[in-house]
Trainee: 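A single structure is presented below for examination.
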Amino acid sequence: MRKPIIAGNWKMFKTVSEATAFFADVKGKAEVDGVETVICAPFTTLPALVEAAKGTTIAIGAQNVHFEDNGAYTGEISGIMLKDLGVKYVIIGHSERRAYFAESDEIVNKKVHAAFKHGLSPIVCVGEKLEEREAEQTKNVCQVQTEAAFQGLSAAQAAEVVVAYEPIWAIGTGKSSTSADAEDVIAFIRGVIAGLYDAATANAVRIQYGGSVKPNNVSEYMGQSNIDGALVGGASLEPASFIQLVEGAK
Ligand SMILES: O=C(CO)COP(=O)(O)O
């Protein structure tokens with residue numbers, strides 16, 4: 001049985017005081033039996049959030065990690081540093097990082113390995129652009145990105161990966177994928193993982209949908225048999241809607 005996982009991706013929003021005020025508002029409420037809750041926050045807010053999350057069931061995640069441990073990489077943050085803070089998850093290969101920061105499939109794979117090296121759980125994002133969907137390339141794109149991300153992982157590591165299927169045209173647009181379309185692609189991604197490993201490994205992997213998930217549509221996605229949660233941007237920024245998202249995942 002896969003445990004549903006709701007992860008907020010705050011992107012480049014919230015100062016330390018805003019983050020701690022948010023956490024105080026959701027503490028106890030965004031903690032629901034049978035649902036894993038994660039907040040993926042900007043680097044600057046992580047120490048305060050990890051501290052605030054002690055004694056709660058809410059896990060804290062980063063939104064990026066460099067693949068090297070240390071070195072002359074001005075502006076970068078490594079897995080050692082995140083682990084040292086007490087961070088549990090890290091988003092890798094978000095489409096915004098692929099598009100604006102030139103993250104290739106190869107870099108994504110290196111980052112996934114870096115996460116495992118330092119005991120961080122990767123949330124790996126895959127998904128197609130609008131023109132790829134229109135050219136009926138959705139599954140092909142997701143297959144290439146998934147196979148690249150998992151390259152070199154053991155079956156035990158693969159089973160720990162959280163995949164987030166985020167069609168790029170649905171991010172921040174209010175145009176969400178239908179739950180049936182999302183289920184179709186996510187079932188396909190699970191099949192790709194089964195092809196790389198075996199059915200038991202693929203059945204252990206949690207796969208989220210992301211892209212304009214809101215309190216009023218989250219349970220529709222969660223009702224699909226292959227969808228194990230959501231990676232949420234905009235609707236994760238307000239305490240009330242974040243709490244409703246977690247409750248909607250029960
Ligand atoms: O990119 C996303 C989460 O990583 C989705 O963002 P929205 O929920 O704002 O569409």
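We count ligands from 1, going down the list as the structure has it; atoms in each ligand are counted the same way. Here, residue 1 is the first one in the sequence, and each next residue gets the next number. Please read all numbers here as calculations on a predicted model, not as lab measurements.
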Trainee: Just to confirm my output: which protein heavy-atom neighbour is closest to atom 3 (C) of ligand 1, and how far is it?
Mentor: Glu166 OE2, 2.9 Å
Trainee: Between Ala170 and ligand 1, find which residue part has any heavy-atom pair under 4.0 Å and reply side chain, backbone, both or neither.
Mentor: backbone
Trainee: Does ligand 1 have an atom under 4.0 Å from some heavy atom of Gly211?
Mentor: yes
Trainee: Answer yes or no: is there an ion pair linking Glu51 with Lys54, defined by an N-O contact shorter than 4.0 Å?
Mentor: yes
Trainee: Can any side-chain N or O of Ser212 pair as donor or acceptor with the backbone N or O of Ser176 at less than 3.5 Å?
Mentor: no
Trainee: Considering Ala7, Ser95, Cys125, Gly172, which one's heavy-atom position lies nearest to atom 10 (O) of ligand 1?
Mentor: Gly172
Trainee: With atoms numbered from 1 as shown, which atoms in ligand 1 lie under 4.0 angstrom from a non-hydrogen atom of Asn9?
Mentor: 3 (C), 4 (O)
Trainee: Check each atom of ligand 1 against the heavy atoms of Ser212 and keep those under 4.0 Å away; list them by number with element.
Mentor: 7 (P), 8 (O), 10 (O)
Trainee: Relative to ligand 1, is Ile171 under 4.0 angstrom through side chain, backbone, both or neither, heavy atoms considered?
Mentor: both
Trainee: Do you know which of Ile80, Asp84, Val65, Val87 makes side-chain contact (heavy atoms from CB on, under 4.5 Å) with His118?
Mentor: Ile80
Trainee: Could you check whether atom CD of Glu76 has more than 12 heavy atoms from other residues, nucleotides or ligands sitting under 6.0 Å from it?
Mentor: yes
Trainee: Are any non-hydrogen side-chain atoms of Met81 and Ser78 less than 4.5 angstrom apart?
Mentor: yes
Trainee: What protein heavy atom is closest to atom 8 (O) of ligand 1, reported as residue, atom name and distance in Å?
Mentor: Gly233 N, 2.9 Å
Trainee: Can a salt bridge be assigned to the pair Glu103 and Arg97 using a cut-off of 4.0 Å between side-chain N and carboxylate O?
Mentor: yes
Trainee: Tell me if the CD atom of Glu131 is crowded by more than 12 foreign heavy atoms within 6.0 Å.
Mentor: yes
Trainee: Among the heavy atoms of Lys214, does any lie under 4.0 Å from an atom of ligand 1?
Mentor: no
Trainee: For atom 9 (O) of ligand 1, what is the closest protein heavy atom, and at what distance to 0.1 Å?
Mentor: Gly234 N, 2.8 Å
